[in-house]
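Small disclaimer: the values here were computed from a predicted structure and weren't measured.
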Amino acid sequence: MTRSSDTHSNLKSNLISEHSLKFPEIKDLANAKAVFWINNHQLPFADARSIIDFSEKHENDAAERLNRFAPYIALAFPETSATNGIIESELIVAPAMQKKLEEYYDTDLPGRLLIKLDSHLPISGSIKARGGIYEVLKYAETLAIKAGLLTIDDDYAILRTEQFTQFFSDYSLVVGSTGNLGLSIGIMGASLGLKVTVHMSSDARQWKKDLLRSKGVTVEEYEEDYSFAVAQGRAEAEKDPNCHFVDDESSADLFLGYSVAARRLKNQLSDLKIKVDDEHPLFVYLPCGVGGGPGGLSFGLKLAFGDNVHCIFAEPTHAPAVILGLGTGLHEDISAKDIGLDGLTAADGLAVSRPSGLVCKNMEPLLDGVYTVEDKELYQLIKLAADTEKLQLEPSALAGFPGINIVNKNENYLKAKGLIDKMENATHIAWATGGSMVPEPVWQDYYDLGKAT
Ligand SMILES: *Cc1c(COP(=O)(O)O)cnc(C)c1O
């Protein structure tokens, strides 16, 4: 062994032993084992909301901005005309999948399983059609208002005119991405007339790069990981005052764009006549990369349902980020690489080793827990979701499905939350975060891997 790798492995074992008393899961995490960590820093939401950076007013402001843009979106993306330019996904009840999961995990799974189909969100086919698109719209609106071209009382359909595309062509957007964020920023930015550059990490799939280039977006590719791609983007954007950097590691706008989903989910649940209250707990399982998507959603969900909603993040065993940041209390100062993990996973949307500091800070008093899941299980779940519900999902989107089993079998969790006799009444939502834009042959390979493993 060389001296430097010696030092490295000493640092790693020091880090693990230093934290293992308060965060025993760190040992299993370092061995890439699946764990469930219950957040012992959580406060009742009434107390948590007074110490986080965001309030109901922020979420409301984001919801109103999306409403203002709806006439523009309905025009620019006809696939949203049915919802009048509101980018929203279906919430479906999934009894066939729930039954298959009972067989797969060889256990009873009381309660009711639902699937939130962000995989089928219009425009970019993933959860990034929420936060990513919202941040682009906010940037464009701010520019146009400042230039005296737009007021918030206008019909935003005018953004579709030559005058605006011409105006926006003097401005640019830069983003670092494992793929899906780049797709959302690229497609919406290009539609408005903004110049867009996406810095893609090695995890990014070829079809995502090809699709972006076909829209006139500049794609820079790196052999390195997501954090590196983000750093490259940040450095490029700093050179140009007419350039906005979408900072996936610390963006309040992304976070708030995601949060709006929760108030809409509340309406969807009441349309389905599903109760959420003290006797009817709601569990939401959220695939997590850097944390912005699941973090923003959790904030919105707690605003909508208070302590009756349980927000649980799901990360790959080879790229746990938020669980490490919260479990150790080190937030963005720790990476999966520091405990010897490679950061490699089939779940490209979750291939993030270092968590967002903004998300860790705000989730510390709010989040219920985080679990990790193996790639092999994600592939097998792809097959189950296709066979039962006819869904074509990408690997990241399956990370929420193990949640219903993990929670139901964890007596410690159920006891601590006073839920032991309420699980028959529970609703479990697996947030299916992406997949509908995956090309057929690529998806078929995923499916075949699920059959083979
Ligand atoms: C980005 C992404 C996530 C997670 O969002 P983060 O903000 O990175 O935590 C989950 N699933 C898919 C498909 C994604 O693209």
Side-chain angles (χ1 to χ4, degrees), residues 36 45 88-102 105 109-121 126-127 129-130 258-277 279-288 293-315 349-350 363 366-371 373 378 381 384-385 388-389 391 393-394 396-408 410 413-414 417 419 422-436:
F36 177 38
F45 185 58
E88 198 38 77
S89 69
E90 265 186 280
L91 175 68
I92 62 165
V93 184
M97 179 73 174
Q98 184 169 355
K99 196 149 175 292
K100 266 280 183 232
L101 290 175
E102 292 190 319
Y105 293 116
L109 296 174
R112 180 155 42 170
L113 177 70
L114 275 68
I115 308 176
K116 181 63 173 158
L117 293 181
D118 274 16
S119 47
H120 292 67
L121 275 175
S126 82
I127 189 171
R130 300 185 185 277
Y258 291 117
S259 74
V260 176
R263 59 166 65 195
R264 300 182 184 160
L265 182 84
K266 192 174 187 176
N267 291 334
Q268 291 179 316
L269 283 168
S270 83
D271 288 347
L272 291 168
K273 310 251 179 308
I274 292 176
K275 278 195 240 170
V276 180
D277 57 29
E279 295 302 316
H280 301 82
L282 172 64
F283 296 85
V284 186
Y285 307 105
L286 300 155
C288 174
L297 281 170
S298 297
F299 164 65
L301 287 164
K302 292 286 179 179
L303 281 178
F305 302 104
D307 296 321
N308 294 323
V309 64
H310 300 253
C311 300
I312 296 172
F313 288 6
E315 300 191 283
L350 316 181
M363 287 302 110
L366 191 147
L367 193 67
D368 291 275
V370 188
Y371 63 80
V373 50
L378 297 178
L381 291 168
L384 298 191
T388 56
E389 309 291 339
L391 294 173
L393 303 176
E394 61 182 271
S396 302
L398 280 303
F401 285 86
I404 184 171
N405 177 45
I406 290 170
V407 163
N408 266 310
N410 196 300
Y413 184 84
L414 300 181
K417 307 266 178 175
L419 293 171
K422 299 181 183 170
M423 296 309 284
E424 289 293 337
N425 298 335
T427 300
H428 301 264
I429 300 180
W431 210 283
T433 47
S436 64

dist Leu101:CG -> Ile404:CD1 (nearest 0.5 Å) comes out at 7.0 Å

| Flag side-chain contact, heavy atom, 4.5 Å: Leu419 against Phe283 | yes

Looking only at heavy atoms, the pair that brings Pro281 and Lys422 closest together is CD-O, 3.9 Å

Residues Ser119 and Ser436: closest non-hydrogen pair is O-OG, 2.6 Å

Practice problem: Specify whether Tyr413 and His310 have parallel, tilted or perpendicular ring planes, treating 30° as the upper limit for parallel and 60° as the lower limit for perpendicular. | Solution: perpendicular

Q. Checking Gln98 side chain against Leu113 main chain: does a donor-acceptor pair fall under 3.5 Å?
A. yes

Discussion item. Under 4.0 Å between a side-chain nitrogen and a carboxylate oxygen: does that hold for Lys116 and Glu88?
Written reply: yes

* To do: Walk me through it: do Leu265 and Leu297 pass the test side-chain contact (heavy atoms from CB on, under 4.5 Å)?
  => CA-CA 10 Å; Leu265 182 84; Leu297 281 170; over 6 Å; no

### side-chain contact (heavy atoms from CB on, under 4.5 Å) between Leu117 and Leu391, intermediate numbers included
CA-CA 9 Å; Leu117 293 181; Leu391 294 173; 3.8 Å; yes

query = Taking the side chain as C-beta and beyond, is there a heavy-atom pair between Leu269 and Leu91 under 4.5 Å?
reply = yes

When rounded to the nearest 0.5 Å, the distance separating OG of Ser126 from CG of Leu393 is 12.0 Å

Taking every heavy atom of Ser298 against every heavy atom of Cys311, the minimum-distance pair comes out as OG-CB, 3.4 Å

I want to check something: taking the side chain as every heavy atom from C-beta on, are Pro402 and Tyr105 in contact at a cut-off of under 4.5 Å?
yes

>> Would you say that Leu114 contacts Thr427 through its side chain, given a criterion of any heavy-atom pair below 4.5 Å between the two side chains?
In response: yes

Shortest non-hydrogen pair, Arg263 vs Val260, comes out as CG-O, 3.2 Å

Closest heavy-atom pair, Met423 versus Leu414, reported as atoms and distance to 0.1 Å, is SD-CD2, 3.7 Å

Flag, side chain of Asn410 to backbone of Ile406, donor-acceptor distance under 3.5 Å: no

Glu102 (side chain) donor-acceptor with Leu109 (main chain) under 3.5 angstrom
yes

Using atom types as modelled and distance alone, determine if a side-chain donor or acceptor of Ser396 lies under 3.5 Å from a backbone N or O of Gly349.
yes

* To do: Would you check, one step at a time, whether the test side-chain contact (heavy atoms from CB on, under 4.5 Å) holds for Phe36 with Ile312?
  => CA-CA 10 Å; Phe36 177 38; Ile312 296 172; 4.2 Å; yes

Open item on the list: Keeping Tyr371 on the side-chain end and Gly403 on the backbone end, is there a donor-acceptor pair under 3.5 Å?
Closed with: yes

d(Leu381 CG, Thr388 OG1) to nearest 0.5 Å is 10.0 Å

Taken to the nearest 0.5 Å, the spacing of Ile92 CD1 from Gln268 CD works out to 11.5 Å

- Query: Any side-chain heavy atom of Leu378 within less than 4.5 Å of one from Phe401?
  - Reply: no

Donor-acceptor pairs are to be reported for all side-chain atoms of residues 299-308 against protein atoms at under 3.5 Å, with residues two or more places apart or in another chain.
{"residue": "Lys302", "atom": "NZ", "partner": "Val309", "partner atom": "O", "Å": "2.8"}
{"residue": "Lys302", "atom": "NZ", "partner": "Asp368", "partner atom": "OD2", "Å": "2.9"}
{"residue": "Asp307", "atom": "OD1", "partner": "Phe45", "partner atom": "N", "Å": "2.9"}

Test Ile429 against Leu282 for side-chain contact (heavy atoms from CB on, under 4.5 Å), laying out the working first. CA-CA 8 Å; Ile429 300 180; Leu282 172 64; 3.8 Å; yes

Shortest non-hydrogen pair, Ala314 vs Gly400, comes out as CB-N, 4.4 Å

Exactly one candidate in Leu350, Leu286, Val370 meets side-chain contact (heavy atoms from CB on, under 4.5 Å) with Glu315; the answer is Val370

Regarding Asp118 and Ser89, is there a side-chain donor-to-acceptor distance under 3.5 Å anywhere?
yes

